[in-house]
Amino acid sequence: MLDQAKGNSPDIVIMDGSQASSFLRDTLTTGGTAILRGETADDPGLGFAHSVVSGLSMCPRRLESRYLYDRQGSAIFGRITEQPEYYLTRTEAGILADNACRIREITGPVTLVELGSGYSLKTDHLLRAWLACAPSVRYIPVDVSEAALCEACRIICNLHLSARVIGVNGDYREAFPILREVSPVMVVFLGSTIGNFEPEDESRFLAELASSLSPGDFFLLGVDLAKEQLIIDSAYNDVAGVTADFTRNLFARMNRELGSDIDLSAVEHVARYNPLRDQVDIHARFARKQIVRVEPLGKSFAIAEGGMVLTEISRKYHLEACVPSLEGFGFETEAVFTDERNWFALILLKRTDSLSESRERRT
Ligand code: SAH
Ligand code: AVI
């Protein structure tokens, strides 16, 4: 069904995945803006409920980080990026501002598909570089957060009248089948969001992405580089407490959508960088005993005082290891852009002609 996106530009329609393919083709040739609702777009209900039941049944307990991003979570993440301690966004934006034109020179006039695009703020550097070279740009942002995606599409359409924008509201992988249809393409994955994957999920993601791209397509990846512990610990423990609100919002969302009845004043944010694993572990610690309900599935979980629930990991990278590892999935490195402190890197990769050789190198 087509709905007008509530409160957004009347040009934006929301549609089910079944209508996506033909609309995509039409829109890419005639222009227009749409949000395609993928199968895993969040329905206020069972996907989240099953994920919470599965995660709270694990030992140690953990929750899937994609559920941090409902309307409120996306807005809180936006505030995190403005905190003085959270250097990632500012640093990556600077690298993009300095190098977007060079990136466009290397890739040529490819379609831009952005995974985990959020409010697409940094992407504007790329859109401007593309529009400086051609009258139009095709941009396909992909995000689970419908609120952030709609806001991004609305802003981009108002700012760049000639841009053809199709938002995909769902999991990253739902966009993979589209990639062949829109090749030549550059997949953009910013913010070091790849660091939120467990290593085995990252490997699966990279292998699926490489095999969904056509030879000669590009992949632009932002990674946060390993650095002094104090700098990273501060970024995930900002003085204003915004990151703590972000963690707490996951439990507030459970209260809103799953009737969990959690006392939010008992939820403490605990984030610590482990330099041996190059990883920040973010937990919620329960200061008091809680019974957590998941009403749609009729389940409850007792969490003792001091009980910990892992809500997110954020891995940090070393370029010397990261670049060869990416190449092992079937990419060749076109360029690596960093800031003057070497805190963050943007890696521009190209899909190689054949995947079999890289598969052999990886095993
Ligand atoms: N790229 C932006 C936003 C990063 S925050 C930046 O660099 O600032 C991570 C984004 O990924 C959020 O907008 C979140 O909604 C989205 N996201 C998280 N898990 C996702 C998933 N499995 N599929 C699609 N989007 C996801
Ligand atoms: C989206 N992602 C890369 C952020 C990060 O830095 O790992 C999420 C975040 N969590 C707490 N602060 C920021």
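Order of listing sets the numbers, starting from 1, for every ligand and every atom in it.
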Original post:
Do any nitrogen or oxygen atoms of Gly116 come within less than 3.5 Å of a nitrogen or oxygen of ligand 1?
Top reply: yes
Original post:
Is there a heavy atom of Ser65 sitting under 4.0 angstrom from any atom of ligand 1?
Top reply: no
Original post:
Does the Ser162 side chain pair with the main chain of Pro135, one donor and one acceptor, at a distance under 3.5 Å?
Top reply: yes
Subject >> Closest protein heavy atom (residue, atom, distance) for atom 4 (C) of ligand 2 >> reply: Tyr86 OH, 3.4 Å
**OP:** Please determine if Arg102 forms a cation-pi arrangement with Phe337, meaning its NZ or CZ atom is less than 6.0 Å from the six-membered ring centre and no more than 45° off the ring axis.
**Re:** no
Subject >> For Ser145, the ligand 1 atoms whose distance to one of its heavy atoms is below 4.0 Å >> reply: 15 (O)
Subject >> Option whose closest heavy atom lies nearest to atom 8 (O) of ligand 1, chosen from Glu174, Glu146, Lys122, Arg173 >> reply: Lys122
**OP:** For a side-chain hydrogen bond (donor to acceptor under 3.5 Å, both in side chains) with Thr247, tell me which candidate from His269, His283, Glu312, Arg285 qualifies.
**Re:** His269
**OP:** From atom 16 (C) of ligand 1, work out which of Asp143, Val168, Leu190 has a heavy atom at the shortest distance.
**Re:** Asp143
Original post:
Among the heavy atoms of Thr81, does any lie under 4.0 Å from an atom of ligand 1?
Top reply: no
Original post:
Knowing that exactly one of Val223, Leu96, Thr89 qualifies, which makes a side chain to side chain contact (heavy atoms under 4.5 Å, CB included) with Leu190?
Top reply: Leu96
**OP:** Determine, considering heavy atoms only, which of Tyr67, Phe197, Phe77, Tyr172 sits nearest to atom 23 (N) of ligand 1.
**Re:** Tyr172
Original post:
Which atoms of ligand 1 are found less than 4.0 Å from any heavy atom of Val144?
Top reply: 15 (O), 17 (N), 20 (C), 21 (C), 23 (N), 24 (C), 25 (N), 26 (C)
Subject >> N/O donor-acceptor pair under 3.5 Å between Ser325 side chain and Ala321 backbone >> reply: no
Original post:
So is Thr193 in contact with ligand 1, going by heavy-atom distances below 4.0 Å?
Top reply: yes
Original post:
To the nearest 0.5 Å, what is the distance between CZ (Arg173) and CZ (Phe205)?
Top reply: 7.5 Å
Original post:
So which bit of Thr193 gets within less than 4.0 Å of ligand 2, heavy atoms only: side chain, backbone, both or neither?
Top reply: both
**OP:** Can you pull out the closest protein heavy atom to atom 10 (N) of ligand 2? Residue, atom name and distance to 0.1 Å, please.
**Re:** Glu312 OE2, 2.8 Å
Original post:
Among the heavy atoms of Ser192, does any lie under 4.0 Å from an atom of ligand 2?
Top reply: yes
Original post:
Sub-3.5 Å donor-acceptor pair from the side chain of Asn169 to the main-chain atoms of Val144, do we have one?
Top reply: yes
Original post:
With Leu68, which of Ile76, Leu250, Ile282 fulfils side chain to side chain contact (heavy atoms under 4.5 Å, CB included)?
Top reply: Leu250
Original post:
Is there a nitrogen or oxygen of Arg66 sitting under 3.5 Å from a nitrogen or oxygen of ligand 1?
Top reply: no
Original post:
Just by distance, with hydrogens left out, do Ser260 and Arg253 show a side-chain donor and acceptor under 3.5 Å apart?
Top reply: no
Original post:
For atom 7 (O) of ligand 2, what's the nearest protein heavy atom and its distance?
Top reply: Ser314 OG, 2.6 Å
**OP:** May I ask you to check whether Ser314 and Tyr236 show a side-chain donor-acceptor distance below 3.5 Å?
**Re:** yes
Original post:
Backbone, side chain, both or neither: what part of Asn196 comes under 4.0 angstrom of ligand 2, heavy atoms only?
Top reply: side chain
Original post:
Counting heavy atoms only, which of Phe205, Phe189, Tyr69, Tyr119 is nearest atom 9 (C) of ligand 1?
Top reply: Tyr69
Subject >> Candidate pair Arg293 and Asp261, rule salt bridge (Lys or Arg N to Asp or Glu O under 4.0 Å), full reasoning >> reply: CA-CA 7 Å; Arg293 287 185 241 289; Asp261 199 24; 3.5 Å; yes
